[in-house]
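Taking it in order: structure first as structure tokens, then the write-up.
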Amino acid sequence: MKARNATIDVGDIRYSRDATARLLFVTALVVVIALAFISMATGATGISLTSLPAAVSAALGRSDNPADVTASLVLLELRLPRTILAMFVGAALALAGSMMQGLFRNPLADPGLVGVSSGATLAAVCMIVLGNSVFGGWHQALGIFALPIAAFAGGLVATFALMAIASRHGTTAIATLLLAGIALGALTGAATGILAYISDDRELRDLTLWSMGSLSGSSWPKVVAITPFALALLVMLPSLVRALNGLLLGEAEAFHLGIDIERAKKRIVILTAAAVGAAVAVAGIIGFVGIVVPHFVRMMTGPDHRTLLPTAALLGAALVLIADIIARIVVAPAELPIGIIMAIIGAPVFLHLVLKRSNGVVM
Amino acid sequence: MLVTEQAGYAVNDTWLVSDINLTLMPGRLAVIIGPNGAGKSTLLRLLTGELKPSQGSVRVNGQNLNAYAPAELSKLRAVVPQHTILAFPFTVIEVVQLGVTVPGLMAHGAKSERLAEAMLAKLGLAELAGRDYSSLSGGERQRVHVARALCQLEGAPPSDAPRALLVDEPTSSLDIAHQLEVLRELRAQARTGRIVVAVLHDLNLSAAYADDVLLLANGKAQAFGAPRDILSDALLSSAYRCNVKLNHVPDNSGPFLLPQACSVSE
């Protein structure tokens, strides 16, 4: 009888965590939808939430009121792609952070810190500045996909190079990886500086905005450009969930549990580079999303990637939407770069994590 | 059947184990003993398929271990490593459930949850199911990973091929009662027709529970056989480089060793 009671107790505890996971997912979904509407109604042109229906009906051709037509243009051509891109960038960065942390078994492993972003940035900057000269042929052939593909390739090369540097006998020392990531960051910073020096005025302005992270240049072609990357994430990520969960126990344990470690690691890195590359290509450098969001979700519902990944994607989307809304409000009618807002939110959380970990746990 | 033929493993031309010829049968608990650095864990890692033999072969059901895809292998054997460090805060039952959810042996949550609860109960951990893993003691953690391995074996689809349970020093952090509990469970697993291999440090536990004992020293098998044949003064003294004096309990149920009977040889 006693054992039976114990089992029931156990069930209750388990279900409460499952229930939290479900609740958090649904809440995050509602919040994202709400924020998407607010994002649509935020900006220099005074289109408020209440004028959305009129603008939408104008967009559908049911209203000829010039004010409504202008509003619908702003909504369709500027704010809708911007909102979509904000959601994608947030989701992609949160997923990339979750994957990197699972791969390296460390909550501090963020694409921005281990070199994925640095590599993506350097490649993208090369494409921006040299796209019309040195890489002219490529730029023309790839069209709108040139920037995301370059960023993806750059992130991929940097990550594999850093892993090769930091890995000894099959294990990757996270401290070495972070330090190597810092070195690479400095190097890409220098290279970006050189490229900025030789760039013309328009390119320079693009570079500056972009290096601080901004969604102000959002457009439909950019949405199209990231679509293949979003699809790749959607299709491939579910097949990596079991590997990511197994890796939480360690590489040897994951192998014992039936995971093909080398293959899984490669796929995780490729997918991370795809997510980061696409995000960097459309929005520039936005830090900390990959650290703050997965950390929060793990705290709430545990580290199981089956619940972590979908919820982190939604909350990442919500966080970038919020940051982008703030970026458009605080100095209106001008805009702050979104990267600045994210740094203000993210850096304290990162510091908190570092301090918590130095409390007896080895990095 | 788990068979090694002249199996050996070398790192940079240093042989950690070599020339191991073993036939491990279903239904038996085989224990690997030997001094520190004898190559016990390396041999176990060869048997799990984690390491690829530098010489010879390790075969299960007639097929080379390294020829199996990891997913196939996970249905044939489960492993409890010496140390497992969790990266993130799981609850106990979540850790045990990884034994079936990671290999994809079960589709649905409720079934794997019931199985995990049953395995925890087997190791006397039922009450800890909802606890945060990081709040457990070393001994409790060890038993959680044994439960996880049992979960993996139980969850695998039905098959005629015998399954193996490979355990590296499962009792190193356990008190006497839990040492006995874990070894009883290992022997019970063997009795259900599984191949069970455990690396043990405690010679008395080996004497009491093993069906077969492999004595390893300097990476080489010194002897393999029934405990009463292997646990002898001469064999142990030469393997451990100290004078060992074994005693026998009056009812003749096997040898035992007292610490004071062992003195370092000059």
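Just so we're on the same page: letters track the sequence lines, and every chain starts at 1.
By the 4.5 Å heavy-atom criterion applied to side chains, A:D304 and B:Q97 are not counted as neighbours.
Taking non-hydrogen atoms and a 4.5 Å limit, the residue list of residues 42-54 of chain B in contact with chain A, ordered by number, reads B:T48, B:G49, B:E50. Listed by sequence position, A:A252, A:E253, A:F255, A:H256, A:L257, A:G258, A:I259 are the residues of residues 252-259 of chain A in contact with chain B, using a 4.5 angstrom heavy-atom cutoff.
Every residue two or more places apart in sequence or in another chain that forms a side-chain contact (heavy atoms from CB on, under 4.5 Å) with B:R194 is listed here: B:L153, B:E154, B:R163, B:Q189, B:T192, B:V196. Contacts of B:R28 classified as salt bridge (charged side-chain N to carboxylate O under 4.0 Å, His left out), with partners at least two apart in sequence or in another chain: B:D212.
The distance from the CZ atom of B:F88 to the CG atom of A:L308 is 8.5 Å, given to the nearest 0.5 Å.
Chosen from B:R77, B:R148, B:Q152, the residue pairing most often with chain A at heavy-atom distances under 4.5 Å is B:R77. Contact tally against chain B (heavy-atom pairs below 4.5 Å) for A:L249, A:L244, A:I261: the top residue is A:L249.
Heavy-atom minimum distance, A:R306 versus B:T101: NH1-CG2, 3.8 Å.
Enclosure of atom CE in B:M1 is not indicated, since only 12 or fewer non-hydrogen atoms of other residues, nucleotides or ligands lie within 6.0 angstrom. Other residues, nucleotides and ligands place more than 12 heavy atoms under 6.0 Å from the NE2 atom of B:H201.
For B:L86, the parts lying near chain A are the backbone and the side chain together; criterion is any non-hydrogen pair under 4.5 Å.
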